[in-house]
2 protein chains.
Amino acid sequence: MTLKEGKEKFIQSWGALGSSWGINRTMAQIHALLLISPEALSAEEIMEELQISRGNANMNIRALIDWGLVYKELKPGERKEFFVAEKDMWEVVKNIIIQRKKRELEPMLRVLDEISSVDPDSEEAEEFIEIIREIKLFSNKADSTLDTLVKSDSNWFVGTFMKMIK
Amino acid sequence: MTLKEGKEKFIQSWGALGSSWGINRTMAQIHALLLISPEALSAEEIMEELQISRGNANMNIRALIDWGLVYKELKPGERKEFFVAEKDMWEVVKNIIIQRKKRELEPMLRVLDEISSVDPDSEEAEEFIEIIREIKLFSNKADSTLDTLVKSDSNWFVGTFMKMIK
DNA sequence: TTGTTGGTTCAGTACTTTTTGAAACTTCCT
DNA sequence: AGGAAGTTTCAAAAAGTACTGAACCAACAA
């Protein structure tokens, strides 16, 4: 396989993977492109490489920065902005966990709390409250487990955890 | 909050959560409805409750069974099929991990392997191979960690792991 | 065999999300 | 102030995804 083919295949696959993770195709492709790029790239270069419009590039780069997966890099002398990807996979995953926890798990916990206030004025209501209570319990565990996971470092993940768990 | 409001809110929120997890809104809503239903429900009842068409109900129920989140229940005497949700949250999460691992992580591992065969015939190619190697290493770790996680049981998750990690 | 109940399929439609491209804005230089 | 280089925004269009409803299939009962 040639380098060009390999790069294309990687960008394409990373894009597909992203789609099923709430990260849109283009966003994931930009991330992939930056991941395998030894140099920081400008918006122009990204547009060119992925054949996308300026607006699209701009919005998705912004979103990537927002997720903490890409950094802006200002080269001295250049007025243009350049972008680099976070290349430590553990950092990437950690940032995704942080964002999704904030965007999805936390709102759900709030909803579960609200819902718990249903009047237990019937057999059915009691059963409902009990099921919600169990879901809440589980979600809270997941929440604090993720917190701990995010605080731990890469070495812990690749080393200790694997041994501990085996 | 009344029981009716609570149920609606839960179904609605679970649906929204699903959307960001590659599980479509209706599928997640059916799952929510079954989760909070003490009785198994028929397709008719689900259609009625969520105001969806027969085709939609059928396809999504089947997908849920496919994901291992819902079971078919045949009541003796009744020709109709009834459905119940898996109510153990740990089982639910485990099944989702299993499915997504199979659908997303494993194909990505295969692609990474293919890509590794790029000719290291330039500085750039060597850097590319190295980055891919790191991603592969990380993905393999994630893969086996998830395997172990899935094999472990609920008690381990809610008990030991939490203490261990603190 | 015919009618009834329930399940499945899928082409067309409706809805949602993403992308484009052009205009507006910002910064800096002369 | 005017202009060049770059970035941001957003309405409209395109692409992608989900849903409907009607036709079809299967099992059973009369």
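Bear in mind the structure is a predicted one, so any value in this text is a computation, not a measurement. Note on naming: letters A, B, ... go to the chains in the order of the sequence lines (proteins, then strands), and numbering restarts at 1 for each one.
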query = Does the cation-pi check pass for A:Arg103 over A:Trp67, that is, NZ or CZ under 6.0 Å from the six-membered ring centre and within 45° of its axis?
reply = yes
key: Atom-pair distance (CD on B:Glu78; C1' on D:dC28), nearest Å   = 14 Å
query = Tell me, which of residues 51-69 of chain A have any heavy atom that sits under 4.0 Å from an atom in DNA chain C?
reply = A:Gln51, A:Ile52, A:Ser53, A:Gly55, A:Asn56, A:Met59, A:Asn60
ask   = Between C:dT8 atom C1' and B:Glu81 atom CD, what is the distance in whole Å?
value = 11 Å
inquiry  = Regarding A:Asn58 and A:Arg54, do their side chains bring together a donor and an acceptor under 3.5 Å, going by distance alone?
reply    = no
inquiry  = Rounding to an integer number of Å, can you tell me how far B:Lys75 NZ sits from C:dG6 C1'?
reply    = 16 Å
ask   = Tell me: CG of B:Leu50 to C1' of D:dT20, nearest whole Å?
value = 15 Å
query = Do the charged groups of B:Lys4 and B:Glu8 touch, with an N to O distance under 4.0 Å?
reply = yes
request  = Could you tell me which non-hydrogen atom of A:Leu109 sits nearest to which non-hydrogen atom of A:Lys136, and how far apart they are?
outcome  = CD2-O, 4.4 Å
task = Check the distance between C:dT18's C1' and A:Ile30's CD1 and give it to me in whole angstrom.
result = 12 Å
ask   = Touch check for A:Glu44, heavy atoms < 4.0 angstrom, all strands: base, sugar-phosphate only, or nothing?
value = nothing
message = If I take atom CD1 in residue A:Ile46 and atom C1' in nucleotide C:dT19, what distance separates them, rounded to the nearest angstrom?
response = 16 Å
inquiry  = Given C:dT4, C:dG7, C:dT19, identify the nucleotide with an atom nearest to the side chain of A:Asn24.
reply    = C:dT19
key: Whole-Å distance separating the CZ atom of B:Arg25 from the P atom of C:dC15   = 14 Å
query = Would you call the rings of B:Phe138 and A:Trp90 parallel, tilted or perpendicular, where under 30° means parallel and over 60° means perpendicular?
reply = tilted
request  = Determine whether A:Tyr71 and A:Leu35 fall in the same hydrophobic cluster, where Ile, Leu, Val, Met, Phe, Trp and Tyr are linked whenever their side-chain heavy atoms lie under 4.5 Å apart.
outcome  = no
remark   = Nearest heavy-atom contact between A:Glu45 and A:Phe82 is OE1-CE2, 4.2 Å
query = Separation of A:Leu41 atom CG from D:dG6 atom P, in whole Å?
reply = 15 Å
key: A:Thr26 vs C:dT19: side-chain N/O to OP1/OP2 distance below 4.0 Å   = yes
